[in-house]
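Read the structure below first, then the notes.
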Amino acid sequence: MASNPSRSVAEWLRIQLRLDAESAIDLGETEEILHVTGRHYIVLLGRLIPPLFSLIFFGGLALYRALGGQFLASQVDVRGSIDVFNWLLLILMLLLGFIWVILAVRGKQNQSAQLIITLALIGHGLLFYFRFTGGRIFHLDANAAVGQSGDTLNLMLVLGAIISTVMVLFTFYDWLNDELILTNQRIVYDNDQVIIPHLIERRVQRQIFLEDVQDVNAFTKTYPQHWLQYGTIEIKSARINGNIIFTSADKPMVMQQQIMAQVRALRKASSEHTFEQLIADRVYGEKVSSPSPLAQPPRQTRMMGWMRQFLPDNPELNYQTQQIVWRPHWLFLVRGLIGPVLWLLIGVPVVLVGGSALLLGLPLIIFGLLVVMLVFVAWAAYEVEDYRNDTYTLTPEKVIDIEKKPFGPEERREAGLGSINNVQSKTTYLSNLLGYGDVELSTAGSGGNFTFHRVPRPADVVTKVTEYNVRFKRKDKDRALNDTLALLHHYHEAQIKHNEIKS
């Protein structure tokens, strides 16, 4: 039985969306992707109109000229012949003349329209005369094909067609990389702008933790949207400024049902698991161990060999306190060292050449070299220490942002994980290529938002902050339930004490 081509294409697109989603986010230890939806194909068709038109235009002209096609070829047909096209021109000229007479009768208020009709009449007349004398607008000449197929103009047309083809592929890939991803922990809106796939891309990600999902709306506003099954998904968060709106989504109702089903299942499973753990701990004294958030540590940035001698790992992990410390990407240390290295490369030749030219003695030249070396060492040490002192710390309870100058001022900011509304990462084309980006943490407090600037593997940072945030919220909920259970436990003991029930 033959397969349905449209169904095969749809299945292939679903697979590509899934693969892109897996590469777009770093999953936690127990996290998995449940559903992915992208933009509807009607968005792709709209975006493809300019590059496809360009491809047809340049490719069609190149092919036409390669076959010997010419424009406005004179004396290539029998002089004085009137074919169907010439008869059509005559009819149009008569209609235009009739309209011109009507406008002339009406007076001066129609002079602009009359001028346009006059120019159209002259153009049709010249075209009729050209064709009547044996000329043709389009003409195929097999003898001209050899000379035209590889000339400069045709090569430029072929180049235009190639660029248009690349733009078609780029538009398709860029359309495929906008998606809404549902996992068993969060909802991620991934927005990519792609120049070269997996190489030169700019990526912005926003997310909502499933615990924070308040409501999910899906709607179609017009009949075409309803018939073609595309519309808008609006995910409302319990946190301030945490909503996500995904427009032109494919099958929005399906995604809405998937999200709400997962939210309900998560709340039910979380409550049941929490109750079981609390009763086992508080009533029966059975301690239940929870997995460490660092069971799957974040990937570390590979630094050059000479840098490992005096720089800590990035990120730096403390398994005892479950603390993770990030620093900016090592490239920014290299950027800071450009100044002292240039000082060394310029200073040494200047001292040697200048000392020789001024006939300075060897002791003075050595003294000058020592000064250059001391300045280089001091300057380089300052840059290294300045790099080491800029840290972004994540603990099971809070995030800490420290900016400190060597032997100087320090700025320290903290925020509890419970105050974090949203976590998103941003990369530019260059930073995505080099493997770093910014991670923005929106907070509900008056201290403002936190930004982890230029950290390596920003998607991995988002994943770890998400894991810690989810664990903190569950523990916070456990504390409230623990107080209730403790009250019931004391009430139960009071009933036994007063012989209201038997122990």
Side-chain angles (χ1 to χ4, degrees), residues 5-6 9 41-172 174-175 224 227-228:
S6 61
V9 172
Y41 67 84
I42 200 72
V43 177
L44 174 63
L45 294 179
R47 295 178 182 177
L48 282 177
I49 290 176
L52 280 178
F53 177 80
S54 177
L55 175 61
I56 293 172
F57 177 77
F58 288 112
L61 282 181
L63 179 61
Y64 176 72
R65 294 188 78 255
L67 295 175
Q70 297 179 334
F71 301 96
L72 298 177
S74 60
Q75 299 179 1
V76 295
D77 207 343
V78 180
R79 184 182 180 88
S81 62
I82 300 180
D83 56 7
V84 176
F85 191 80
N86 271 10
W87 277 111
L88 181 61
L89 287 174
L90 282 173
I91 294 173
L92 288 175
M93 289 170 63
L94 290 174
L95 288 175
L96 290 172
F98 180 71
I99 295 173
W100 187 91
V101 171
I102 293 176
L103 294 176
V105 171
R106 287 186 176 182
K108 296 182 178 180
Q109 64 272 20
N110 298 306
Q111 285 184 350
S112 58
Q114 191 175 0
L115 177 61
I116 294 174
I117 298 298
T118 302
L119 294 175
L121 266 172
I122 294 173
H124 282 73
L126 292 174
L127 185 58
F128 176 83
Y129 176 77
F130 177 73
R131 297 191 83 259
F132 184 77
T133 56
R136 289 295 179 267
I137 303 173
F138 303 102
H139 176 67
L140 288 176
D141 185 1
N143 296 325
V146 177
Q148 291 184 168
S149 59
D151 62 5
T152 303
L153 178 58
N154 231 42
L155 291 177
M156 293 179 63
L157 291 173
V158 170
L159 178 62
I162 293 174
I163 294 175
S164 301
T165 304
V166 172
M167 291 303 298
V168 169
L169 298 176
F170 164 78
T171 302
F172 172 77
D174 189 52
W175 165 81
W227 294 332
L228 296 175

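Quantities reported herein were computed from a predicted structural model and do not represent experimental measurements. Count residues from 1 along the sequence.
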Verdict with reasoning, N154 to L157, per side chain to side chain contact (heavy atoms under 4.5 Å, CB included): CA-CA 5 Å; N154 231 42; L157 291 173; 3.8 Å; yes
Side chain to side chain contact (heavy atoms under 4.5 Å, CB included) evaluation trace for L48 with W175: CA-CA 10 Å; L48 282 177; W175 165 81; over 6 Å; no
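Residues passing the side chain to side chain contact (heavy atoms under 4.5 Å, CB included) test with L155, sequence neighbours excluded: none. Residues satisfying the ring-ring contact (aromatic ring centres under 6.0 Å, His included) test with F128, not counting sequence neighbours, are F132. Contacts of T171 classified as side-chain hydrogen bond (donor to acceptor under 3.5 Å, both in side chains), with partners at least two apart in sequence or in another chain: none. With sequence neighbours left out, F71 forms a side chain to side chain contact (heavy atoms under 4.5 Å, CB included) with L61, Y64, F138. With sequence neighbours excluded, the residues satisfying side chain to side chain contact (heavy atoms under 4.5 Å, CB included) with S149 are A66.
Between F58 and S164, the closest heavy-atom pair is CD1-OG, 3.9 Å. Annotation for R65 and Q148: closest pair O-NE2, 3.0 Å, computed over non-hydrogen atoms. Taking all atoms of both residues into account, the shortest heavy-atom contact from M167 to P51 is CB-CB, 4.0 Å.
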Just list the side-chain donor-acceptor pairs under 3.5 Å for residues 85-101, sequence neighbours left out, or say none.
residue, atom, partner, partner atom, Å
N86, OD1, R131, NH1, 2.6
W100, NE1, T118, OG1, 2.9

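Between L169 atom CG and T165 atom OG1 the span is 7.0 Å, to the nearest 0.5 Å. Separating the CD1 atom in I117 from the CD1 atom in I122 is a distance of 12.0 Å, to the nearest 0.5 Å. Going from atom CD1 of I49 over to atom OG of S54 covers 13.5 Å, rounded to the nearest 0.5 Å.
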